[in-house]
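First up is the structure itself, then whatever we jot down about it.
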Amino acid sequence: MSRIFSGIQPSGSLHIGNYLGAVKNWAELQHKYESFFCIVDYHAITVPYEPADLRARTADMALGLLAAGLDPSKCTLFVQSMVPEHTELAWIFNTLTPLGELERQTQFKEKASKEQSVPAGLLNYPVLQAADILLYRAELVPVGEDQLQHLELSREIARKWNTRFDPPKQAYFPEPKGLLTPARRIMGLDGQAKMSKSLGNTVELLEDPKSIWEKLKPAVTDPKRVRRTDPGTPEVCNIYHLHKAFSPTETVDHVAVQCRSAGWGCIDCKKVLHESMEKELIPIRARAAEIAANPAKMKKDLAAGADHARAVASGTMKEVKEKMGLA
Ligand code: SF4
């Protein structure tokens with residue numbers, strides 16, 4: 001069984017963009033692959049933060065992931081800082097990674113341009129990401145298209161280390177390949193940018209139905225549908241794309257017909273979307289309530305995940321250190 005690794009930032013509660021863009025897919029992949037899913041809190045400290053807030057966001061993220069369908073009996077779910085080997089391997093990879101490569105990373109350039117003083121951790125972020133993946137010698141990484149550049153760097157680091165320290169086979173670390181997530185990019189309700197907490201355009205995975213409806217009502221649709229009688233173009237409308245994520249195929253086809261013929265107004269269309277969303281979100285909310293009622297069980301599951309991750313990680317580090325002449 002091939003091994004996969006993927007990480008998610010402890011950004012607090014999941015929104016439907018995280019869910020459709022990554023986590024829903026993870027819940028399916030855990031049945032097909034030996035899966036390691038990690039809440040990457042070491043990555044989260046590369047920008048300013050409050051310790052108590054980080055702890056709460058990490059717990060909320062764990063709860064969301066479990067509610068969304070990650071099953072600790074099927075996958076290894078853990079928090080990065082509970083497995084210190086991540087930073088140990090990252091240091092080793094730092095000694096092999098050219099500075100120029102890191103400075104060229106698009107995400108670094110974007111983030112650094114917003115900071116007055118740029119911490120080295122922000123620059124070295126993709127090296128830690130390479131360590132996250134290669135520590136488990138994962139062959140596949142479920143990613144969105146925007147993460148492919150970082151993955152390429154992980155492949156390069158694996159090649160470099162293998163060439164230098166694993167002769168003659170040069171294959172200790174597999175070069176991880178991207179497993180592109182089918183649902184890809186989910187736009188926010190403003191229809192302008194990717195769904196993101198910082199932009200305030202999200203629907204939370206555990207949000208109550210009334211509040212979801214209050215957000216859907218004013219959500220941006222086809223801007224050319226000014227009057228109820230104007231025919232629309234579903235492909236340019238974010239509500240149609242959300243239908244594709246939540247509604248059955250027959251409903252999606254029906255939406256397209258009703259939109260193009262102005263048979264439905266946008267509010268009719270949003271009501272049907274809301275119903276489809278509820279079908280998927282009701283069981284997730286129920287699971288979340290169960291998990292929240294038993295925090296000790298969640299803590300135990302995360303500790304067991306970290307124990308298993310650490311066992312694999314320490315095996316890798318033992319071999320890496322032997323090959324590198326380290327104690
Ligand atoms: S009818 Fe539906 S798909 Fe068409 S523009 Fe309105 S909300 Fe979008």
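Note that ligands are numbered from 1 as they come in the structure, with each ligand's atoms numbered from 1 the same way. In this text, all values refer to a predicted model and were calculated from it rather than measured experimentally.
- Both cation-pi conditions hold for Arg137 and Tyr172: the charged atom is under 6.0 angstrom from the six-membered ring centre and inside a 45 degree cone around its axis.
- Looking only at heavy atoms of the protein, atom 4 (Fe) of ligand 1 is closest to Cys259 SG, 2.3 Å.
- When only non-hydrogen protein atoms are considered, atom 6 (Fe) of ligand 1 lies nearest to Cys266 SG, 2.3 Å.
- Among the backbone and side-chain atoms of Cys237, no N/O/S atom is found under 2.8 Å from atom 6 (Fe) of ligand 1.
- Glu204 CD to Met195 CE: the interatomic distance, rounded to the nearest 0.5 Å, is 9.0 Å.
- Ligand 1 places these atoms under 4.0 Å from at least one heavy atom of Ile239: 7 (S).
- Residue Asp222 touches ligand 1 through backbone and side chain together, judged by heavy-atom distances below 4.0 Å.
- The shortest heavy-atom contact between Ile239 and Cys269 is CG2-SG, 4.0 Å.
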> Where do Phe93 and Phe173 land on the ring-ring contact (aromatic ring centres under 6.0 Å, His included) test, with the steps shown first?
Replying inline: CA-CA 12 Å; Phe93 287 163; Phe173 287 118; 5.7 Å; yes
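- Contact annotation for Cys269 and ligand 1: only side-chain heavy atoms (C-beta onward) come within less than 4.0 Å of the ligand.
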>> Could you go through Asp253 and Thr249, starting from their C-alpha distance and side-chain angles, then the distance that decides it, and tell me whether this counts as side-chain contact (heavy atoms from CB on, under 4.5 Å)?
In response: CA-CA 6 Å; Asp253 295 344; Thr249 318; 4.1 Å; yes
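- Using a 3.5 Å distance cut-off with no hydrogens or angles, the side chains of Ser13 and Asp60 do not pair a donor with an acceptor.
- The nearest protein atom to atom 1 (S) of ligand 1, hydrogens excluded, is given as Arg225 NH1, 3.1 Å; this is a heavy-atom distance.
- The closest protein non-hydrogen atom to atom 7 (S) of ligand 1 is Thr221 CG2, 3.5 Å.
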